[in-house]
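Note that the structure is a prediction, hence the values are computed from the model and not measured. Just follow the structure's listing: the first ligand is 1, and inside any ligand the first atom is 1.
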Amino acid sequence: MICLPTERPAPKMAVSVRQNEKQILKNIVIAIDGTSASGKSTNAKLVARALGYVYVDTGAMYRTLAWYCLKKRVDVTEEKAVATTCRHWKTKLICVENNGLRAVRLLVDDYFPETEIRTPETAAAVAMVAAVPKVREWMKKTQRDCIQFGNLVMEGRDIGTNVFPETDYKFYLDAKLEERSARRAADGVNENLAARDQRDSQRKAAPLMIALGAKVIDNSKLTSEQTSGLLLAEIHKRMAAVI
Ligand code: DC
């Protein structure tokens, strides 16, 4: 049996926002970053519904590329091959409405691989794909293009630090490793979150960090209603300060 470390290194704090990136956004972007299983998806959706904003799951975009590489038999350990695949794949961004939630989808060859991107095979490949700098460049541009659909709630690992560093609404969600592992297990997923945390926070390209000015929320002991309540209260406070 492999023993996992129960504590991980504290995430680094981003030190600055590049001045040339400090531009005026044409719509509001709520950036929700954080560790795996820290409740980003659930809370980002609750916030998007409450505000009537468009939800964007950027992890799904990385997963879509990982799935596509596996389908095309591209070796995901080969950085160049992954970068070439990303340069040539035929994609499209669309906005769909489901049960009152508007969400962005990245289609490849006009197809959204909704179930395929959640398989263990895709999950095992995605961190390698996400570590490729050319892939991250492509993702950043594509994710910034989502602003065409309106005000956004975008969740990921580098939204406040890298994709939309100019937004005033940055959050970093976290919870204790045991709590996050229990949440994944309750969803029927047995995942080595300690290893995933380490890969996400130690990769060279856009590692997981707390963005400057981000509100950090540890929700180990909070329900999603309480967490999204805190997020919404802080968003309203910051909105009042911006006006
Ligand atoms: O949130 P998720 O588990 O669906 O993310 C899948 C992978 O993509 C995970 O390894 C982290 C990576 N990712 C990233 O590097 N940057 C993002 N903005 C979103 C996800």
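Side-chain N/O atoms of Thr227 and Ser224 include no donor and acceptor closer than 3.5 Å. In this model, a donor atom of one side chain and an acceptor atom of the other lie less than 3.5 Å apart for Tyr111 and Glu116. Tyr169 and Glu234 form no side-chain donor-acceptor contact under 3.5 Å, judged by distance and modelled atom types alone. Side chains of Arg157 and Ser36: a donor on one and an acceptor on the other come within 3.5 Å. Looking only at atom types and distance, the side chain of Thr35 has a donor-acceptor partner in the side chain of Asp174 under 3.5 Å away.
Here is the list of ligand 1 atoms found below 4.0 Å of a heavy atom in Gly156: 18 (N), 19 (C).
Distances between N or O atoms of Glu155 and those of ligand 1 include no value under 3.5 Å. Considering backbone and side-chain N/O of Asp158, one or more are found under 3.5 Å from N/O of ligand 1. Considering backbone and side-chain atoms alike, Arg203 places an N or O below 3.5 Å from some N or O of ligand 1.
In terms of protein heavy-atom proximity, atom 1 (O) of ligand 1 is closest to Arg157 NH1, 2.9 Å. For atom 19 (C) of ligand 1, the closest non-hydrogen atom on the protein side is Thr58 OG1, 3.4 Å. Counting only heavy atoms of the protein, atom 20 (C) of ligand 1 lies nearest to Gly59 CA, 3.6 Å. Ala130 CB, 4.0 Å is the protein heavy atom nearest to atom 12 (C) of ligand 1. Here the heavy atom of the protein found nearest to atom 10 (O) of ligand 1 is Arg196 NH1, 3.2 Å.
A salt bridge is defined here as a Lys NZ or Arg NE, NH1 or NH2 lying under 4.0 Å from an Asp or Glu carboxylate O, and Lys72 with Asp109 fails to meet this definition. For Lys140 and Glu137, the salt-bridge test fails: no basic side-chain N is under 4.0 Å from an acidic carboxylate O. Salt-bridge annotation for Lys40 and Asp33: absent, with no side-chain N of the basic residue lying under 4.0 Å from a carboxylate O of the acidic one.
Checking Lys40, Arg199, Arg63 against atom 6 (C) of ligand 1, the nearest heavy atom belongs to Arg63. Comparing Arg136, Arg118, Met139 by heavy-atom distance to atom 16 (N) of ligand 1, the nearest is Arg136.
Under 4.0 angstrom from ligand 1, the non-hydrogen atoms of Asp200 all belong to its side chain.
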